[in-house]
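Below is one structure; the comments refer to it alone.
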Amino acid sequence: MTDTVFVSGELPGDALEVLRESFEVVTGAGVGSPEFAAAAPRVRGIVAMLTDRIDDALLATAPNLAVVANVAVGVDNIDLAACAARNVLVTNTPDVLTEATADLAFGLLIGAARRIAEGDRVIRAGGWTGWTPGFMLGPRVFGMKLGLVGFGRIGKAVARRARGFGMHVGYTQRNREVEPLERVLGATYVSSLDELCATSDAVSIHCPLTPATRHLFDAKQLAKMRPGSVLVNVSRGAIIDEAALADALEHGPLAAAGLDVFEDEPNVHPRLLARPNAVLTPHIGSADRPTREAMASTAAANVVSVLEGKPALTPVR
Ligand code: DGY
């Protein structure tokens, strides 16, 4: 009998056709859809979006489920313990999105510091009356001290870009990298987040969302950032307390923020919407076409492999 796979959202590229070659494919708008509910008892695989909450209650409706392939590297939308308890394998899409996400982090850093989106709005609103030396000044990007919170694949890819901008890169994470790697990437280990915040002109967040990182940047932490500094987040919105961030953008110490992710997507805190010094993008970190196609085909390949009884390509451990 053909296995059933539920695909929870649009898959760029040919991943859907690949799945259809081997399985009965049911599509629907998320795991909350009636299509999922109808197929759940026979579903063997789910190709999940990061907007799907995969928890024990959902798993209970799908007793034949063998694999959840998340079309994302982040898996904070999935209860990993519940999956393990029910012998459901979870896979994600690491590596393929590293460069695209680092590109966007860098774009947001420059955009926020150099007020690019704000300048665009000023022109369109007819607010530009001519060049003057003091108009729309911002922090200097070239040569700035950049602090990276998390130094995994994406953090390291940002560090590589920073070299071209003559930046001094510091990073903090639980374990220090080996010295030769630090040398190649031109990055210095900073043992605490407080020190990283106090010494960086810009801080960019590249750690996963976990109970330990939820609201890591709260009012207390934001107050430790340098006056006139910039905060960038392309990881997960809930790492920052958005109300506290709005305060820090309004009253200091921050000059600007570049945000691709939000606590309650697609809703954005109204006080952030009102801040001209916040550059906001709609969770498009991995949204270059080849990257999204590669994410979709990685998820599909994981499902094919697991349902054929082979090891997953990119299991979450
Ligand atoms: C991820 O993969 O976790 C990203 O947020 C998707 O863009």
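We count ligands from 1, going down the list as the structure has it; atoms in each ligand are counted the same way. Quick note: numbers below take in every heavy atom, side chains included, and nothing from hydrogens, waters or symmetry partners.
Close approach to Ser286 involves these atoms of ligand 1, each under 4.0 Å from a residue heavy atom: 6 (C), 7 (O). Ligand-side atoms of ligand 1 in range of Leu50: 5 (O), 6 (C), range being under 4.0 angstrom from any heavy atom. Heavy-atom proximity to Leu97, at under 4.0 Å, picks out these atoms of ligand 1: 2 (O). Every atom of ligand 1 is numbered from 1 in the order shown, and the set under 4.0 Å from a heavy atom of Ala72 is 1 (C), 2 (O), 3 (O). Heavy-atom proximity to Gly74, at under 4.0 Å, picks out these atoms of ligand 1: 1 (C), 2 (O), 3 (O). Listed by number with element, the atoms of ligand 1 under 4.0 angstrom from any heavy atom of His283 are 4 (C), 5 (O), 6 (C), 7 (O).
Side chain to side chain, Asp288 and Thr291 meet the donor-acceptor criterion of an N or O pair below 3.5 Å. A donor-acceptor contact closer than 3.5 angstrom is absent between the side chains of Asp260 and Asn233.
When every heavy atom of His206 is checked against every heavy atom of Ala105, the shortest pair comes out as CE1-CB, 3.8 Å.
In terms of protein heavy-atom proximity, atom 3 (O) of ligand 1 is closest to Arg236 NH2, 2.7 Å. For atom 2 (O) of ligand 1, the closest heavy atom belonging to the protein is Val73 N, 2.6 Å.
If you take CG on Leu146 and CG on Leu109, they are separated by 6.0 Å, rounding to the nearest 0.5 Å.
Under a 4.0 Å N-O distance rule, the pair Glu99/Arg160 qualifies as a salt bridge.
Proximity of Thr93 to ligand 1, defined as any heavy-atom pair under 4.0 Å, is not found for any part of the residue.
Screening residues 47-72 for salt bridge (charged side-chain N to carboxylate O under 4.0 Å, His left out) gives Asp56-Arg86 as the qualifying pairs, with residues at least two apart or on separate chains.
Proximity of the aromatic rings of Phe165 and Phe106 is defined here by a centroid distance below 6.0 angstrom, and this criterion is met.
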